[in-house]
Colleague: 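I'd like to ask you about the structure that follows.
What you are looking at is a predicted structure, and each value in this text was computed from that prediction instead of being measured. Below, chains carry the letters A, B, ... as their sequence lines are ordered, and counting in each starts from 1.
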Amino acid sequence: SQQGEEDPQALSIQEGENATMNCSYKTSINNLQWYRQNSGRGLVHLILIRSNEREKHSGRLRVTLDTSKKSSSLLITASRAADTASYFCATDAWAAGNKLTFGGGTRVLVKP
Amino acid sequence: EAGVTQSPTHLIKTRGQQATLRCSPISGHTSVYWYQQALGLGLQFLLWYDEGEERNRGNFPPRFSGRQFPNYSSELNVNALELEDSALYLCASTLGQQGWGYTFGSGTRLTVV
């Protein structure tokens, strides 16, 4: 079963615009991670936010975490065509047995 | 530093055969995870190995098995292949502690015909 559910499933934007995607989860977590996948290949770790953190930045990426709502968002600012990929949130929770549980992903298309 | 390496990149097998997929973690990483990404089904957790032991297993039949070697590399075996086993199999390694991101390999694309 999927712990995280992502919204939207797909997103199409113009280069330079911001892209925002959301992730909701069901159980208490230790941390939440975001990954990117290009063309069905391996996943690339983008950012990790711990359960006691509310916001984190990494370059053009901004992640928020609201544990009261069990939700997270990933914002990509000033998007580039190279940002075209699928983005997945993944939760890390003791209850899940120390494994990552992934959401269904958001497919992002950045048009040049 | 080399990343997580998986072999082979592509594998084509006939229904009923066995497949063996291999993964070498990043040097120093003791935990190896296997995930299946089938079309339309997202990433499903298969197995977690740490320090040579199977620590957790996903909701997959026993014909999915594996092992971790003393050098922390890992092997995933799928017996009696079925058509629905066709998927991208991803291996990831981490330091084996909570709170670290995972490093994924590029995956093995298994096609069962």
Colleague: Counting only heavy atoms not in A/Arg54, do more than 12 fall under 6.0 Å of its CZ?
Modeller: yes

Colleague: Decide yes or no for A/Gln37 and B/Gln37: does some side-chain heavy atom of the first lie under 4.5 Å from some side-chain heavy atom of the second?
Modeller: yes

Colleague: Just to be sure I understand the criterion: a residue of residues 106-113 of chain B counts if one of its heavy atoms is under 4.5 Å from a heavy atom of chain A. Which ones qualify?
Modeller: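 Heavy-atom contacts from residues 106-113 of chain B to chain A are B/Ser106, B/Gly107, B/Arg109.
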
Colleague: Considering residues, nucleotides and ligands other than B/Asn71, do more than 12 of their heavy atoms fall under 6.0 Å from its CG?
Modeller: yes

Colleague: Going by ring-ring contact (aromatic ring centres under 6.0 Å, His included), name the residues that satisfy it together with A/Phe88, two or more places apart in sequence or in a different chain.
Modeller: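 A/Phe88 satisfies ring-ring contact (aromatic ring centres under 6.0 Å, His included) with no other residue.
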
Colleague: Hey, is CZ on A/Arg107 packed in by over 12 heavy atoms from elsewhere, all under 6.0 Å?
Modeller: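 No.
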
Colleague: Above 12 or not: heavy atoms from other molecules or residues under 6.0 Å from CZ of A/Arg80?
Modeller: no

Colleague: Taking C-beta and beyond as the side chain, do B/Thr94 and A/His45 meet within less than 4.5 Å on heavy atoms?
Modeller: no

Colleague: Taking atom CD of A/Gln9 as the centre, report whether more than 12 heavy atoms of other residues, nucleotides or ligands fall under 6.0 Å from it.
Modeller: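 Atom CD in A/Gln9 is not crowded, with 12 or fewer foreign heavy atoms closer than 6.0 Å.
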
Colleague: Would you indicate whether the side-chain heavy atoms of A/Leu43 and B/Tyr102 approach each other to under 4.5 Å?
Modeller: no

Colleague: Apply ring-ring contact (aromatic ring centres under 6.0 Å, His included) to B/Phe69 and list each qualifying residue two or more places apart in sequence or on a separate chain.
Modeller: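 Per chain and number, B/Phe69 pairs via ring-ring contact (aromatic ring centres under 6.0 Å, His included) with no residue.
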
Colleague: Please round to the nearest 0.5 Å and tell me the distance separating atom OG1 of A/Thr101 and atom OH of B/Tyr35.
Modeller: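 Reported value, rounded in 0.5 Å steps: 6.5 Å.
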
Colleague: Select one option (side chain, backbone, both, neither) describing which atoms of A/Ile47 are under 4.5 Å from chain B's heavy atoms.
Modeller: neither

Colleague: Please check if the number of heavy atoms outside B/Leu83 that lie under 6.0 Å from its CG is greater than 12.
Modeller: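 Atom CG in B/Leu83 is packed in, count exceeds 12.
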
Colleague: Hey, which of B/Asn56, B/Thr103, B/Val4 has the most heavy atom pairs under 4.5 Å with chain A?
Modeller: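 Between B/Asn56, B/Thr103, B/Val4, the count favours B/Asn56.
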
Colleague: What closest approach, in Å, do A/Arg41 and B/Leu90 show between heavy atoms, and which atom pair accounts for it?
Modeller: O-CD2, 4.2 Å

Colleague: Mark yes when over 12 heavy atoms from residues, nucleotides or ligands other than B/Ile12 sit less than 6.0 Å from its CD1; otherwise mark no.
Modeller: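 Count not over threshold, so no.
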
Colleague: With B/Tyr72, which residues qualify under ring-ring contact (aromatic ring centres under 6.0 Å, His included), at least two apart?
Modeller: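 Per chain and number, B/Tyr72 pairs via ring-ring contact (aromatic ring centres under 6.0 Å, His included) with no residue.
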
Colleague: Quick one: does A/Lys99's side chain get under 4.5 Å of B/Phe45's, heavy atoms only?
Modeller: yes

